[in-house]
Amino acid sequence: MTASLVFRLHDRGPELVREVLLERGWEEYDEEEREEEDWNLYWRGSAFRNSEYHNLLPWQRLNHHPKTVGITRKDCLARNLRRMRATCGSSLYDFSPTAFILPNDYTRFLAEYNKLRLTRGPSVYWICKPVDLSRGRGIFIFTDIKHLVYDCSVIVQRYISNPLLISGYKFDLRIYVCVKSFHPLTVYIHQEGLVRFATEKYNLSSLQNLYAHLTNTSINKFGPFYKTEKERVGQGCKWTMSKFRHFLHSQDINELLLWQRINNIVTLTLLTIAPSVPSCPNCVELFGFDILIDFRFKPWLLEVNYSPALTLDCQADITVKKGLIGDLIDLMNYSSIDSFRERAYQKHKHKRPCFHGNQPSPVLTKFKETKFQKETSGTQPSQSQALPLLKTLRQPKKMNQRRSRQQAPVADKRRHLPPVDLSRIYATRGRIINTTATKTHTDETLNLILGPHSRTNVSVVNRQTCPLSGETDVSSKTPDIRQKGLGFRRSAVSWRLPDIHSGSRRTVKAPLEGTTALNGQHIPPLRVGDFIRTFPFNKATLNASQNELDVKSVTQELHRLTGRLAAAQSDKTNRRTVEEELKMDTEGEEDFDSLFWGPKDPPLLSQCFKPT
Ligand code: ADP
């Protein structure tokens, strides 16, 4: 008998996650009926406590990595991007509007304000946003500093006053990004996303009209024109990304470069925190990146959402978010994770890891006497040592909570291990994560990555369908597939342990089921449902992220990729050079291709480099 997977929701939400998991046959955790550790996925909108990371068992997953606030709080994001701009060059990190954190940066803001006022007059716009609020709360736009009034920490940012409009309406893109792992960095972007519209026509002479300037659904759904049929936009305030792709096709732009620049924004933003996020392989995180496109088709990062809204307000929400959560669950690859929980119980001749009523768990009772504490020295445990420390988990809940609060520092030194055969699992170990990024690129070349570009012919868009894309879908049951020609093979079943021991940052790494191997390195599947792997995207970035994250190499690769893409799509006089370069560049890379996130039927990256 197969045990059901169990999910646990904090504060009974979000409903969509419950619905999707129940449809897939999962059971909801009930603290009255289950052991405290008898769950596979714990989902919460807010942050987990340190002790919750430290006490994770091998079959348990959390929906947040620790310490990602560095990009999800507006002031932290502004600070981190500023730091990266100073280290890697302002051209590379030129994708977020200049921002000042007030009150601290008031003097610097004043200097910039005065400078721009002198050179450009009153036509410079600013937006003021409370740092720890969301959903458009507390936001206002101003041109004159006398209107800047605040009573909490805020960021004041250059307002992108020339956004791309659709029939006069402002919009932004909500891009769903899943960071499967920070060590090594493994990123997926979902093909579907949302386009969020303002519900009144954009007009710079009415800055107070939030229905014209803000694209938050939480604001616009209360606007007087929400239900009105609006020219081209339609009713409501949302489109799916697929509908936006249709719109793009009607525009005179280089669509691939737009997608690639958004892709670059995601990677470069994650690079700002990746080296400092503790390794916790049993975590996964779904971020919502908000991207505004200006009238020159330059994408700008507005913010990164920690817990993107999963409410279903309209048909676009239903279409996008249900698929998104389903694909996220597939990406977590529970078929392998649960096998540990399953095997643990089977080994001890018990049918289910779920024990109803107040009966003590036979399996857990069995482990009660066994105490295993493992220092983070990195020595490989024997199988007998590998029995988990579950005794503490069997204590009454209140005592347990008290213990985790009081003993958090002790927990640093302890790791719980599963009752499964470990001998073949401790294959590789990570090293101390560190990074130094240096200034290497010229402004001119880096412009290719993110810089504004003028309109070019639509014909440059490679709309060719990827012949492998249909075959490369990875379902929940078979997360990995054999791919002829790409050298992928199914890996052995294995798992990862949580490791958030600050200081040493040693990672116990082993390939997850569903990854593929290339010269001993493991490549995550290139696609899971509509999630497209965007990092690593080639051999060099795979290498750059294996041990110490080499930020410099990654930025060079992003630059090279974007440059090749731009060259391949430029006019035919460049064709020879491009073909020669392509030959050089792809040598030895044919066994590691990636899909190009963004366009419909995402092509393989190598196909995008073929001159049009
Ligand atoms: P919140 O977390 O409150 O949603 P955001 O930073 O996402 O805050 O801003 C809310 C909305 O305001 C965005 O969706 C966008 O429409 C608009 N906005 C925010 N910053 C800018 C900016 N710098 N330029 C133009 N519009 C912006």
Side-chain angles (χ1 to χ4, degrees), residues 10-11 14 42-54 56 61-87 93 95-97 99-105 129-139 152-157 174-183 185-187 216 265-291 301-310 328 408 412 433-435 437 498-503 505 535 549 551:
H10 181 68
D11 279 348
Y42 191 176
W43 186 290
R44 61 187 293 167
S46 52
F48 290 101
R49 288 187 300 269
N50 270 352
S51 59
E52 286 171 300
Y53 289 109
H54 285 293
L56 268 185
R61 300 286 189 103
L62 304 180
N63 73 319
H64 293 294
H65 288 279
K67 299 195 175 157
T68 53
V69 69
I71 54 171
T72 54
R73 229 180 93 127
K74 294 180 179 70
D75 52 341
C76 300
L77 177 66
R79 211 172 283 123
N80 272 322
L81 291 176
R82 189 187 296 166
R83 178 177 52 81
M84 291 302 271
R85 224 171 273 140
T87 327
Y93 276 86
F95 53 81
S96 82
F100 301 90
I101 305 158
L102 269 46
N104 284 4
D105 291 343
K129 316 189 239 187
V131 296
D132 51 7
L133 288 185
S134 57
R135 291 180 273 137
R137 288 170 295 173
I139 294 183
C152 59
S153 187
V154 295
I155 70 160
V156 170
Q157 201 175 47
R174 164 60 57 86
I175 312 277
Y176 294 102
V177 175
C178 172
V179 179
K180 179 98 193 284
S181 145
F182 272 99
H183 305 289
L185 186 61
T186 311
V187 183
N216 302 81
I265 289 177
V266 171
T267 307
L268 291 169
T269 305
L270 292 170
L271 286 184
T272 66
I273 56 161
S276 60
V277 173
S279 175
C280 187
N282 283 21
C283 300
V284 75
E285 184 135 15
L286 182 70
F287 294 105
F289 277 63
D290 290 346
I291 305 281
L301 176 69
L302 296 184
E303 74 158 343
V304 181
N305 289 274
Y306 183 67
S307 275
L310 293 176
L328 185 72
D412 269 1
I433 311 298
N434 193 9
T435 183
D499 178 12
I500 59 165
H501 305 284
S502 51
R505 293 232 199 90
F535 193 92
L549 180 62
V551 174

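Note that this is a predicted model, so its numbers are computed, not measured. Worth knowing before you read on, the calculation uses all heavy atoms, side chains too, and leaves out hydrogens, waters and symmetry mates.
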Is there a donor-acceptor pair closer than 3.5 Å between any side-chain N or O of D105 and the backbone N or O of F100? no
Once rounded to the nearest 0.5 Å, what's the spacing between atom CD1 of I175 and atom CD1 of I265? 9.0 Å
Using modelled atom types and a 3.5 Å cut-off, is there a donor and acceptor pairing between side-chain atoms of Y53 and backbone atoms of L62? no
Minimum heavy-atom distance between V277 and H65, given as atom pair plus value: CG1-CB, 4.2 Å
Residue among L102, L77, I101 satisfying side chain to side chain contact (heavy atoms under 4.5 Å, CB included) with I155: I101
Nearest 0.5 angstrom please: T87 OG1 to R82 CZ, how far? 12.5 Å
Spatial distance of atom CZ (F535) from atom CG (L185) [nearest 0.5 Å]: 5.0 Å
Quick check: does any side chain N or O of R137 sit under 3.5 Å from a backbone N or O of P130, one acting as donor and the other as acceptor? no
Exam field: side chain H64 to backbone R44, donor-acceptor pair closer than 3.5 Å: yes
For H183 and L549, indicate whether the former's side chain and the latter's backbone hold a donor-acceptor pair under 3.5 Å. no
Derivation of the side-chain contact (heavy atoms from CB on, under 4.5 Å) call for C178 and L328: CA-CA 8 Å; C178 172; L328 185 72; 3.6 Å; yes
For residues 68-75, run the donor-acceptor check on the side chains, cut-off 3.5 Å, and write out each pair with its distance to 0.1 Å, sequence neighbours left out.
| residue | atom | partner | partner atom | Å |
| --- | --- | --- | --- | --- |
| T72 | OG1 | T68 | O | 3.3 |
| R73 | NE | D75 | OD1 | 2.9 |
| R73 | NH2 | D75 | OD2 | 2.8 |
| K74 | NZ | L133 | O | 2.7 |
| K74 | NZ | E303 | OE1 | 3.4 |

What pairs of residues pass the salt bridge (charged side-chain N to carboxylate O under 4.0 Å, His left out) test when at least one of them lies in residues 271-289, not counting sequence neighbours? none
State, with a plain yes or no, whether a side-chain heavy atom of L56 is found less than 4.5 Å away from one of C280. yes
Gap between atom NZ of K67 and atom CD1 of I273 - 0.5 Å precision: 12.0 Å
Out of curiosity, L286 CG to W43 CH2, how far, rounded to the nearest 0.5 Å? 6.0 Å
Parallel, tilted or perpendicular: ring planes of F287 versus F289, cut at 30 and 60 degrees: perpendicular
Contacts of type ring pair (Phe, Tyr, Trp, His ring centres under 6.0 Å), residue Y176, not counting sequence neighbours: none
Minimum-distance pair of heavy atoms, taken over all atoms of G45 and S307: O-OG, 2.7 Å
Please step through side-chain contact (heavy atoms from CB on, under 4.5 Å) for the pair I291 and F95, ending with a clear verdict. CA-CA 10 Å; I291 305 281; F95 53 81; over 6 Å; no
Taking all non-hydrogen atoms of both residues, which atom of V284 and which atom of K180 are closest, and how far apart? CG2-CA, 4.0 Å
Got a second to check how far L270's CG is from F182's CZ, nearest 0.5 Å? 5.5 Å
Any chance you could lay out the side-chain contact (heavy atoms from CB on, under 4.5 Å) test for D290 and R174, step after step, and finish with the verdict? CA-CA 5 Å; D290 290 346; R174 164 60 57 86; 2.6 Å; yes
